[in-house]
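Computed from a predicted model, the values in this text were never measured in an experiment. Letters A, B, ... are given to chains in the order of the sequence lines, protein chains preceding strands, and every chain is numbered from 1.
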Amino acid sequence: MPYIPGLLSFREVPAALAALEALTIQPELLMVDGHGIAHPRRLGVATHLGLISGYPTIGVAKKRLTGRHEEVGEAPESHTLLLDGDERIGTVLRSRGRVKPIFISPGHRVGHDTALAWVVRMLTGYKLPEPTRQADKLASNR
DNA sequence: GCGACAG
DNA sequence: ATCTTGTCGC
């Protein structure tokens, strides 16, 4: 399955489910590299994986897929709403100074505010939250 | 017809 | 994602 904007989950979910099967512990929450409901049909990879696995999920993306937002403040942890018309579909967060903001959105069984709180809580001084950093590190063999 | 477009 | 360019920390 090739990468097609809007259909990322069909490419990534199979591998994610296999990885979950291999775990020896049961996660309480999954932080996914991609959007949750901040998707044209509110079904980003985080939401899709949550629905199929049953786990609560949060979407953390490095780029916007859909929606509009005001410029985010320069200060670390500044944030603004990601909107599709008058509907809130996520939060745009300045995870640290001098970097482009990241996009947080509920995946499954998590609300906007708790999703944002979890991500902020997982920040360790870098642009991406620690779970995502660790995953990227493993995926790049480091 | 033109621009946008997660990883 | 991958590639290229610029800045930063060790």
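- The distance between atom CG of A/D84 and atom C1' of B/dA4, rounded to the nearest whole Å, is 14 Å.
- Within 4.0 Å (heavy atoms only), A/R64 reaches sugar-phosphate atoms of the nucleic acid but no base atom.
- Salt bridge annotation for A/R94-A/E77: absent, with no cationic side-chain nitrogen under 4.0 angstrom from a carboxylate oxygen.
- The CG atom of A/L93 sits 19 Å away from the P atom of B/dA6 (whole-angstrom rounding).
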Residue pair A/K62, A/L128: steps toward the side chain to side chain contact (heavy atoms under 4.5 Å, CB included) verdict:
CA-CA 8 Å; A/K62 295 179 287 297; A/L128 299 174; 3.8 Å; yes

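- We find that NE2 of A/H48 is positioned 18 Å from P of B/dA6, with the value rounded to whole Å.
- Using a 4.0 Å heavy-atom cutoff across all strands shown, A/L43 reaches no nucleic acid atom at all.
- A/H35 places its NE2 atom 7 Å from the P atom of B/dG7, with the value rounded to the nearest Å.
- Across all strands, A/G59 comes closer than 4.0 Å to no nucleic acid atom at all (heavy-atom distances).
- To the nearest angstrom, P of B/dG7 lies 10 Å from NZ of A/K100.
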Assess whether side chain to side chain contact (heavy atoms under 4.5 Å, CB included) is satisfied between A/L116 and A/L93, documenting all intermediate values.
CA-CA 8 Å; A/L116 175 61; A/L93 171 71; 4.1 Å; yes

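- The nearest whole Å value for the distance from the CZ atom in A/R68 to the P atom in B/dC5 is 11 Å.
- One atom, CG of A/L128, and another, P of C/dA1, lie 10 Å apart when rounded to the nearest Å.
- Whole-Å rounding puts the A/L8 CG to B/dA4 P distance at 21 Å.
- Here A/K62 does not reach the OP1 or OP2 of B/dA6: none of its side-chain N or O atoms lies under 4.0 Å away.
- Remark: A/R109 fails to qualify as a cation-pi partner of A/Y55 under the 6.0 Å distance and 45° angle criteria applied to the six-membered ring.
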